[in-house]
Amino acid sequence: MSSLTPKSSDLPNLIARQLVAQPQCFVLFGSTGDLAKRKIFPALFALFLDKKLPSRFFILGLGRKTFSDAEFQKHVEETLLLFARLKGDAQTRKEFTQKICYLSLDIDGDYTPLKTLLLDKEPQFGTRANRTFYLAVAPSYFTKIPNNLKSIGLLHEKEFDSFANIIIEKPFGTDLPSALDLDSELKKILFEEQIYRIDHYLGKETVQNIFAFRFSNHFIDHIFTSQFVESVQIVAAEDLIVGDRVEFYDQVGCIRDFCQNHLMQVLAFIAMEAPSKNEAEFIHQEKSKVLRSIKQIDAIVRAQYEKGYINTDAVSGYRDDARVKDSNTDTFVAMRLFIDNFRWGGTPFYLLAGKALPRKYTEINIILKKAPFSLFPQSSQQNIISIQIQPKEGISIIIKTKVPAKTSLKPVKLDFYYDDYFSTESIPEAYETLLFNAMCADRSLFTDKEELMASWELFDPIITKWKTESLTPEEFYPAGSWPEIMNKIFLDGHYLVL
Ligand code: BG6
């Protein structure tokens, strides 16, 4: 299928790429919402400060509320002061906000005012009718908005010179059938190449660094096989309770909020083969291939937090919120799976994610096999390659060394931390990278349809089963602790590396 975006051979690389955003209008549906406030405007502002936004560029904020352009610009400036990573000075903020206009639009209604405004502003800003539409709205609008845009002629036909791309937030569907339905509805009006599905984990610098770490250090990738790796653990632990988002969270649970998307994307980066070219479509092919090599989730457990203490703070249990008092929703999931291919056959992958756990961290631990026999008194600690995504970004390797003047061994750590080599300011927020890449029409860091469906296929039977089953007493854990039930997924001799 031909596309409105550059051909893959013109697309820049995931690493070492020189991306340049074409002139364009960034149309933001949901511009007065929380995501816009906390993530999207701060990210756009950071790109502006970094001189990555095209000079011919403007932002059109859409929302239900009524604002004049000046009022909305002021609102964005206040937002930046509150939430932006880089706050700039008053003059720079003003220069940025002058690129913003606002339109009050009923997203269920008539889009003529949007069309009129775009056609009026585009020549003024010289954006050549290139449009990036960001849908920071409820998933129920994911087909409605593109349909409305299409019917009024704002999504270009493929032979048109300009591009019109759409960025969609997760969740993309709530199960396999709904994801397939959503995809087929979107494909009636858009090409796959026009759809940018966000998984913000792919925007994290350290997640992208997995790709660099493996494929630019040949000796590392060489040992990423079942010959050397005993097991892989991917842990995304949060130390907060669900809080205000409980009504949304109750519909999805940890399995859809975290596992089906973020954990599987990280897994794909850890386990994929090197793409034959460092370009979006080849990267997507390799990620899909590895996800398709997982025939099923081998073992999975869920749990829900009860009241407890996180650090020293007393917190209430999930069901203590009257809105979800009978809920069986999972706030913790742990699973074991195998990748049935030549590289990974036989190596268990353990994936764990949840809320209200003892501390917040995201980490991948690759536990290496012991030496075939030992010339030294054994130390029980194995070699581990630990990739730390957050809170401190880095990579550590645990090796064993001889204790001076003794015959015994001691595990020591070879550490690389980003802040030892780079200024922490230079590490962009995930949304900065993702928005910039979308504006440059580079889809490497977005989820493509095949990956997404492969992942839904794995989780769909579990979601269906859990829907009909009530939680048992062993499926609860005091907030601030690791659920004991997680031990069921570990094979003999394996345990969570803490
Ligand atoms: C979101 C989930 O996708 O990721 C949230 O919906 C979760 O429930 C968040 O808290 C975690 O993101 P991060 O970047 O803080 O690990």
Side-chain angles (χ1 to χ4, degrees), residues 30 33-40 42-43 46 83 85 134-139 142 167-174 179 196-210 234-269 302-305 310 315 318 321 324 327 329-333 351-364 387-394 418 424 427-435 445-447 451-452 455-456 459 463 479-480:
D34 215 43
L35 186 68
K37 237 185 337 211
R38 287 174 190 275
K39 298 287 181 192
I40 302 174
F83 299 110
R85 177 174 77 86
Y134 195 125
L135 312 192
V137 291
F142 287 175
I167 308 178
I168 297 185
E169 272 292 328
K170 80 171 179 63
F172 194 90
T174 52
Y196 288 68
R197 300 179 192 86
I198 286 216
D199 182 312
H200 81 277
Y201 263 62
L202 294 183
K204 288 183 190 277
E205 195 62 34
T206 31
V207 172
Q208 292 163 59
N209 195 35
I210 298 171
I234 305 176
V235 182
E238 295 184 84
D239 58 359
L240 293 177
I241 60 170
V242 175
D244 290 346
R245 292 170 73 223
V246 74
E247 279 163 310
F248 160 76
Y249 192 86
D250 205 56
Q251 305 300 311
V252 292
C254 179
I255 193 165
R256 284 185 269 217
D257 188 48
F258 227 108
C259 304
Q260 182 273 335
N261 34 61
H262 306 325
L263 282 186
M264 296 312 274
Q265 285 296 321
V266 174
L267 170 88
F269 263 27
R302 64 174 169 173
Q304 187 189 85
Y305 64 84
I310 301 182
V315 296
Y318 186 77
D321 188 319
V324 293
S327 170
T329 294
D330 43 294
T331 61
F332 172 87
V333 172
L351 278 58
L352 296 90
K355 304 262 183 207
L357 294 172
R359 68 183 173 99
K360 175 167 172 81
Y361 73 102
T362 307
E363 198 168 282
I364 302 143
I387 303 175
Q388 291 130 48
I389 311 284
Q390 56 192 14
K392 195 163 161 69
E393 295 105 335
Y418 273 67
T424 39
I427 303 181
E429 274 267 316
Y431 272 85
E432 292 166 31
T433 308
L434 294 175
L435 293 191
L445 296 179
F446 295 84
T447 322
E451 297 163 27
L452 188 78
S455 178
W456 272 127
F459 288 100
I463 292 170

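For ligands, and for the atoms within them, numbers begin at 1 and follow the listed sequence.
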- prompt: In terms of the angle between their ring planes, are Y318 and Y305 parallel, tilted or perpendicular, with boundaries placed at 30° and 60°?
  reply: perpendicular
- request: Around atom 16 (O) of ligand 1, find the nearest protein heavy atom and jot down its residue, atom name and distance.
  value: Y201 OH, 2.4 Å
query: So which protein heavy atom does atom 10 (O) of ligand 1 come closest to, and at what separation?
result: E238 OE1, 2.6 Å
- prompt: Only one of D257, D34, D250 clears salt bridge (charged side-chain N to carboxylate O under 4.0 Å, His left out) with R245; which?
  reply: D257
message: Applying a heavy-atom cut-off of 4.0 Å, say which part of Y249 lies close to ligand 1: side chain, backbone, both or neither.
response: neither
message: Under 4.0 Å from a heavy atom of K355: which atoms of ligand 1 are those, numbered in the order shown and with their elements?
response: 5 (C), 7 (C), 8 (O), 10 (O)
field: atom 15 (O) of ligand 1: the protein heavy-atom neighbour that sits closest, reported with distance to 0.1 Å
entry: K360 NZ, 2.9 Å
task: Could you check atom 6 (O) of ligand 1 against the protein and tell me its nearest heavy-atom contact, residue, atom and distance included?
output: D257 OD1, 2.6 Å
message: Can you report which non-hydrogen protein atom sits closest to atom 12 (O) of ligand 1, along with the distance?
response: H200 NE2, 3.1 Å
- line: Only residue of L352, L263, T362 satisfying side chain to side chain contact (heavy atoms under 4.5 Å, CB included) with I234 is L263
field: Nearest non-hydrogen protein atom, atom 3 (O) of ligand 1
entry: H262 NE2, 2.7 Å
- request: Check the pair F258 / Y249 against ring pair (Phe, Tyr, Trp, His ring centres under 6.0 Å), numbers first and verdict last.
  value: CA-CA 11 Å; F258 227 108; Y249 192 86; 9.5 Å; no
- request: Name the orientation class of the two ring planes belonging to H200 and Y431 (parallel below 30°, tilted from 30 to 60°, perpendicular beyond 60°).
  value: parallel
message: Please check whether K204 reaches ligand 1 - meaning an N/O of the residue sits under 3.5 Å from an N/O of the ligand, judged on distance alone.
response: yes
task: With sequence neighbours left out, write down each residue that passes salt bridge (Lys or Arg N to Asp or Glu O under 4.0 Å) with R85, or none if nothing qualifies.
output: E432
Reference residue Q265; test side chain to side chain contact (heavy atoms under 4.5 Å, CB included); the match among L452, L445, T447: T447
